[in-house]
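To keep things clear, I will list the structure first and then write my remarks on it.
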Amino acid sequence: MGGAPYSFEIEIPRRYFDVGLSASSGQMFRWKQTANSEWVGANGKHWFRVRVLDGREAYRVESSGPPTVFQSLFRLDWDAADVTETLTRLGPELEPYLQAMPGLRLTRSGDAVETFFSFLCSANNHISRITGMVNHLAAYGPRLEVVDVIDLHRFPRVATLAKVEEAELREKGFGYRAATITQIARELESRGGEAYLRSLGAMPYERAQIELLGFKGIGRKLADCIALFGLDHTEAVPIDTHIWQAATRLYFPHWQGTALTDRKYEEASAFIRNRFGRLAGWAQQALFYENVVNWRTRK
DNA sequence: CATTGACCTGT
DNA sequence: CAGGTCAAT
């Protein structure tokens, strides 16, 4: 299956890159930790298997792709020390959140189609179920490899997903999202499919946002997730319930406990974007995941 | 604009 | 209720 895999080492301190944390922090949904504590996952057309090297600040990676694919996926071309320093300078209030999550990186999906459909599954849902649904969708793509009993598929193309029937997804437990996903798949195909989607990555963030909002079923939050995690618009700041908690605590105390409306979404999102610029998405990820992990104890 | 309820399913 | 969105009011 797929020929001989690539095998290479990535040398980097854990505090700058924690592969498990980055892979399981809600940016991608196809990674698993195996019994022998390796991380195995897929993104787009590639699969990966990552192991921590004993007593060293390095990883051993096996993959269907060359090192550049892995490096791009985890955005290793960005210097985490530099990013952290800049973020703390622009927003000292971020420091405890960044320190609480060492090694958490903003990722960069190699497949806008996968990210697009993954976040369609995420609305009003929790991570464990999103994971199941994304893996159901991935199973429509060809199998790339089996690693430690884990089936790794190439994420299907738009044309394939556009042919899936709503009833079929209902049977797989997609609930009401079965309808939106199949409809949006067809709408996406009629707009030009993957090529159209990728073109949104080349547009300014604001225009890509408008395009995405044109899909019935994609609101501001999903549009920002797709822009940030799938289209490399790193200035996008999705505001979900967790970020809203953090944002009101840090920046809008007079809005604490109030509902998130369209206007407040715009204001909070733009505020964070203006504060951190192209690093806003990275800041958002630190805030988001720190809140996911610690929200119980904070309440 | 802001508010409200419906919407699948699983913990 | 969960990393929301839409339609109606």
Side-chain angles (χ1 to χ4, degrees), chain A residues 21-31 97 101 104 106-107 109 114-137 164-185 187-188 209-230 233 236-249 252 254-270 272 280-296 298-299:
Chain A
L21 187 59
S22 302
S24 64
S25 56
Q27 309 183 70
M28 307 181 274
F29 303 93
R30 295 211 287 146
W31 285 81
Y97 298 90
M101 299 285 134
L104 174 60
L106 176 66
T107 61
S109 176
E114 171 164 354
T115 306
F116 182 86
F117 285 97
S118 295
F119 283 92
L120 290 187
C121 299
S122 77
N124 190 24
N125 211 350
H126 48 271
I127 290 186
S128 66
R129 189 152 84 107
I130 298 167
T131 300
M133 292 165 66
V134 171
N135 281 289
H136 271 302
L137 292 181
V164 176
E165 297 292 339
E166 173 184 346
E168 199 173 315
L169 292 185
R170 282 265 173 190
E171 286 164 22
K172 294 182 197 284
F174 277 62
Y176 62 82
R177 297 178 195 80
T180 51
I181 288 172
T182 49
Q183 280 162 18
I184 289 177
E187 170 70 17
L188 177 57
Q209 176 79 347
I210 291 169
E211 290 285 326
L212 290 167
L213 287 172
F215 289 90
K216 186 180 157 192
I218 298 184
R220 288 182 156 69
K221 195 273 176 178
L222 294 193
D224 274 331
C225 284
I226 294 164
L228 174 59
F229 299 122
H233 283 301
V237 180
I239 307 282
D240 52 47
T241 50
H242 298 291
I243 296 294
W244 182 236
Q245 299 288 322
T248 55
R249 195 167 58 242
F252 304 95
H254 53 290
W255 278 344
Q256 278 189 74
T258 68
L260 178 57
T261 63
D262 279 2
R263 196 176 62 81
K264 290 187 225 172
Y265 185 108
E266 286 305 327
E267 190 158 341
S269 185
I272 297 174
W282 190 301
Q284 179 277 161
Q285 188 57 25
L287 273 182
F288 165 71
Y289 205 58
E290 199 278 343
N291 268 265
V292 169
V293 174
N294 293 330
W295 73 283
R296 284 174 195 284
R298 180 146 38 225
K299 279 195 168 179

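In what follows, chains carry the letters A, B, and so on, assigned in the order in which the sequence lines appear, proteins first and then strands, with residues in each chain numbered from 1. As a basis for the values below, the full set of heavy atoms in this structure was taken, side chains included, without hydrogen atoms, waters or symmetry mates. Keep in mind it's a predicted model, so treat the numbers as computed, not measured.
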Original post:
Tell me: CZ of A/Phe288 to C1' of C/dA2, nearest whole Å?
Top reply: 11 Å
Original post:
Would you say a side-chain N or O of A/Ser122 is under 4.0 Å from OP1 or OP2 of C/dG3?
Top reply: no
Original post:
In whole Å, what is the span from the CD1 atom of A/Ile127 to the P atom of C/dG4?
Top reply: 11 Å
**OP:** Measure from NE2 on A/His242 to C1' on C/dG4 and round the result to the nearest Å.
**Re:** 12 Å
Subject >> Rounded distance (Å) that lies between atom P of C/dT5 and atom CG of A/Leu120 >> reply: 10 Å
Subject >> A/Tyr265: side-chain hydrogen bond (donor to acceptor under 3.5 Å, both in side chains) partners, not counting sequence neighbours >> reply: A/Asp224
Original post:
Among residues 174-182 of chain A, which contact DNA chain B at a heavy-atom distance under 4.0 Å?
Top reply: A/Gly175, A/Tyr176, A/Arg177
Original post:
Step by step, would you call A/Glu166 with A/Phe174 a side-chain contact (heavy atoms from CB on, under 4.5 Å)?
Top reply: CA-CA 9 Å; A/Glu166 173 184 346; A/Phe174 277 62; over 6 Å; no
Original post:
Roughly how far apart are A/Thr248 OG1 and A/Trp255 CH2, rounded to 0.5 Å?
Top reply: 10.0 Å
Original post:
For DNA chain B, what string of dots and brackets results from 5' to 3' when Watson-Crick and G-U pairs need both distances under 3.5 Å, crossing pairs get [ ], and pairs with another strand get |?
Top reply: .||||||.||.
Which donor-acceptor pairs under 3.5 Å do the side chains of residues 114-122 of chain A make with protein atoms, sequence neighbours left out?
{"from": "A/Glu114", "atom 1": "OE1", "to": "A/Arg30", "atom 2": "NH2", "distance (Å)": "3.0"}
{"from": "A/Glu114", "atom 1": "OE1", "to": "A/Gly44", "atom 2": "N", "distance (Å)": "2.6"}
{"from": "A/Glu114", "atom 1": "OE2", "to": "A/Arg30", "atom 2": "NE", "distance (Å)": "2.9"}
{"from": "A/Thr115", "atom 1": "OG1", "to": "A/Ser109", "atom 2": "OG", "distance (Å)": "2.9"}
{"from": "A/Thr115", "atom 1": "OG1", "to": "A/Asp111", "atom 2": "O", "distance (Å)": "3.3"}
{"from": "A/Ser118", "atom 1": "OG", "to": "A/Glu114", "atom 2": "O", "distance (Å)": "2.6"}
{"from": "A/Ser122", "atom 1": "OG", "to": "A/Phe119", "atom 2": "O", "distance (Å)": "2.8"}

**OP:** Quick one: pull up CZ in A/Arg220 and CG in A/Leu260 and give me the separation to the nearest 0.5 Å.
**Re:** 9.5 Å
Original post:
Does a donor on one side chain sit under 3.5 Å from an acceptor on the other, for A/Gln27 and A/Thr107?
Top reply: yes
Original post:
Mind checking the P distance from C/dA7 to B/dC8? Whole angstroms is fine.
Top reply: 14 Å
**OP:** Classify the nucleic acid contact of A/Gly173 as base, sugar-phosphate or nothing, counting any heavy atom under 4.0 Å across all strands shown.
**Re:** sugar-phosphate
**OP:** Round to a whole Å and report the spacing from CG of A/Leu260 to P of B/dT4.
**Re:** 14 Å
Original post:
For residues 211-223 of chain A, which residues have at least one heavy atom under 4.0 Å from DNA chain B?
Top reply: none
Original post:
Between A/Gln183 (CD) and B/dC7 (C1'), how many Å, whole number?
Top reply: 14 Å
**OP:** With the side chain counted from C-beta on, respond yes when A/Leu222 and A/Phe215 share a heavy-atom pair under 4.5 Å apart, and no when they do not.
**Re:** no
Original post:
Given atom CG of A/Asn124 and atom C1' of C/dC1, what is their separation to the nearest angstrom?
Top reply: 8 Å
Original post:
Reckon A/Arg263 touches a base, only the sugar-phosphate, or nothing at all at heavy-atom distances under 4.0 Å?
Top reply: sugar-phosphate
Original post:
Quick one: OG on A/Ser25 to CH2 on A/Trp31, what's the gap to the nearest 0.5 Å?
Top reply: 11.5 Å
**OP:** Enumerate the residue pairs fulfilling side-chain hydrogen bond (donor to acceptor under 3.5 Å, both in side chains) with a member in residues 209-219 of chain A, sequence neighbours excluded, ordered by first and then second residue.
**Re:** A/Tyr196-A/Glu211
Subject >> Steps toward side-chain contact (heavy atoms from CB on, under 4.5 Å) verdict (A/Gln285, A/Trp282) >> reply: CA-CA 5 Å; A/Gln285 188 57 25; A/Trp282 190 301; 5.7 Å; no
Subject >> Rounded P spacing from B/dA6 to C/dG3 in Å >> reply: 22 Å
Original post:
For B/dC8, does either OP1 or OP2 sit under 4.0 Å from a side-chain N or O belonging to A/Arg170?
Top reply: yes
Original post:
What's the spacing between A/Thr182 OG1 and A/Arg177 CZ if we round to 0.5 Å?
Top reply: 13.5 Å
Original post:
So what does A/Ser118 touch, heavy atoms closer than 4.0 Å: a base, only the sugar-phosphate, or nothing?
Top reply: nothing
Original post:
When we call it a touch if two heavy atoms are under 4.0 Å apart, what does A/Glu266 touch: a base, just sugar-phosphate, or nothing?
Top reply: nothing
Original post:
Over how many whole Å does the gap from A/Trp255 atom CH2 to B/dT3 atom P extend?
Top reply: 12 Å
